[in-house]
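Here the structure is laid out as structure tokens; the discussion comes afterwards.
Along the sequence shown, residues are numbered consecutively beginning with 1.
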Amino acid sequence: SKMTINTLVADKTGNLWQSLWGGGLRKLKGNRIWNINRLSGVNSPQVNDMVLDDSENLWISTWSNGLVRLDDKSLMSWSSAQGLSDNYPTSLAKDLNGNIWVGMFNGSISILQPVQPNNPCNKKKCLHNTASQQELETHRRNCSYTIRILPNPYQHVQSINSILPDREGKVWIGSRGKGIRYIDGNRQVVLNNASGLISDFVNALKEDQNGNIWIGTRHGISLLNRK
């Protein structure tokens with residue numbers, strides 16, 4: 001049956017990952033195909049976006065079921081119950097520090113920051129032998145990442161459609177209906193139709209080799225020349 005492919009990601013081992021809307025994941029390598037139809041207890045999840053972290057783990061945003069991290073051995077998941085700002089992640093990106101930025105349908109952003117090796121959590125011994133699988137998973141999750149929330153700065157829900165961490169450390173955020181804002185440390189700047197964007201409905205962001213930002217919108221492409 002025909003499936004909508006939302007994202008393509010190629011890892012260093014030669015796998016090509018496809019995110020399928022309503023069909024989970026598909027992994028291709030050479031002439032072989034693997035279908036992953038179940039994530040975090042959900043059959044045929046709707047997958048919006050994917051990104052690889054510094055360890056080549058695959059991060060997957062699923063509609064209504066939060067965030068999933070897939071590695072060679074296991075699967076780890078996050079939802080609002082584990083600290084995310086929403087259960088409907090729409091976009092993913094990795095910044096220069098290895099943080100995972102998660103844009104949400106409600107306009108907020110969750111940032112998962114890796115726990116440093118010297119964190120006391122990593123020095124704790126394994127949980128007691130009678131610990132449940134849920135307790136073990138919670139311990140492993142909390143000892144892997146902390147979560148920071150950037151709330152939606154707008155009055156109404158505005159989905160985060162694209163996130164771009166650039167080479168200078170700034171993070172560009174494209175929204176549905178409110179243009180772009182970029183984050184530079186504690187400073188945030190908004191760019192929209194009034195400041196020259198062809199449309200405030202931003203679908204894609206890309207940085208070229210010269211540091212210019214290409215902006216894909218509902219009504220065409222805008223180019224931000226930073227020279």
Report yes or no: does [X] contribute a side-chain atom to a donor-acceptor pair with the main-chain N or O of [Y] at less than 3.5 Å?
{"X": "Ser55", "Y": "Asn57", "result": "no"}
{"X": "Asn193", "Y": "Gly196", "result": "no"}
{"X": "Asn6", "Y": "Val47", "result": "yes"}

For the student: nearest non-hydrogen atoms of [X] and [Y], plus distance:
{"X": "Met50", "Y": "Trp17", "answer": "CE-O, 3.5 Å"}
{"X": "Asp208", "Y": "Arg167", "answer": "O-NH2, 2.6 Å"}
{"X": "Ser79", "Y": "Asn87", "answer": "CB-OD1, 3.2 Å"}
{"X": "Ser91", "Y": "Asp49", "answer": "CA-OD2, 3.5 Å"}
{"X": "Arg148", "Y": "Gln113", "answer": "NE-NE2, 3.8 Å"}

Nearest 0.5 angstrom please: [X] [atom1] to [Y] [atom2], how far?
{"X": "Leu25", "Y": "Ser19", "atom1": "CG", "atom2": "OG", "value": "7.0 Å"}
{"X": "Asn203", "Y": "Ile215", "atom1": "CG", "atom2": "CD1", "value": "12.0 Å"}
{"X": "Asn99", "Y": "Ile147", "atom1": "CG", "atom2": "CD1", "value": "12.0 Å"}
{"X": "Gln18", "Y": "Leu28", "atom1": "CD", "atom2": "CG", "value": "5.0 Å"}
{"X": "Leu75", "Y": "Leu58", "atom1": "CG", "atom2": "CG", "value": "10.0 Å"}
{"X": "Asn65", "Y": "Ile60", "atom1": "CG", "atom2": "CD1", "value": "12.0 Å"}

Check: [Y] and [X] side chains under 4.5 Å, non-hydrogen atoms:
{"X": "Lys29", "Y": "Trp34", "result": "yes"}
{"X": "Lys178", "Y": "Asp200", "result": "no"}
{"X": "Ile5", "Y": "Trp21", "result": "no"}
{"X": "Trp59", "Y": "Leu112", "result": "yes"}
{"X": "Thr90", "Y": "Arg176", "result": "no"}
{"X": "Val171", "Y": "Ile109", "result": "no"}
{"X": "Leu84", "Y": "Met104", "result": "yes"}
{"X": "Val115", "Y": "Ser144", "result": "no"}

Specify whether Phe105 and Tyr88 have parallel, tilted or perpendicular ring planes, treating 30° as the upper limit for parallel and 60° as the lower limit for perpendicular.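 Taking Tyr88 first and then Phe105, their aromatic rings sit tilted (interplane angle of 30° to 60°).
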Enumerate the residue pairs fulfilling salt bridge (charged side-chain N to carboxylate O under 4.0 Å, His left out) with a member in residues 82-106, sequence neighbours excluded, ordered by first and then second residue.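 Listed by first then second residue: Asp54-Lys94.
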So if you build clusters from Ile, Leu, Val, Met, Phe, Trp, Tyr with side-chain heavy-atom gaps below 4.5 Å, do [X] and [Y] land together?
{"X": "Leu52", "Y": "Val68", "result": "yes"}
{"X": "Val189", "Y": "Trp172", "result": "yes"}
{"X": "Ile160", "Y": "Val202", "result": "no"}
{"X": "Ile111", "Y": "Ile183", "result": "yes"}
{"X": "Leu67", "Y": "Val51", "result": "yes"}

Heavy-atom count around Arg32 CZ within 6.0 Å, excluding the residue itself: above 12?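 Open: at most 12 neighbouring heavy atoms sit under 6.0 Å from CZ of Arg32.
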Any salt bridge between Arg226 and Glu207, counting N to O under 4.0 Å?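 Counted as a salt bridge, because a side-chain N and a carboxylate O are separated by less than 4.0 Å.
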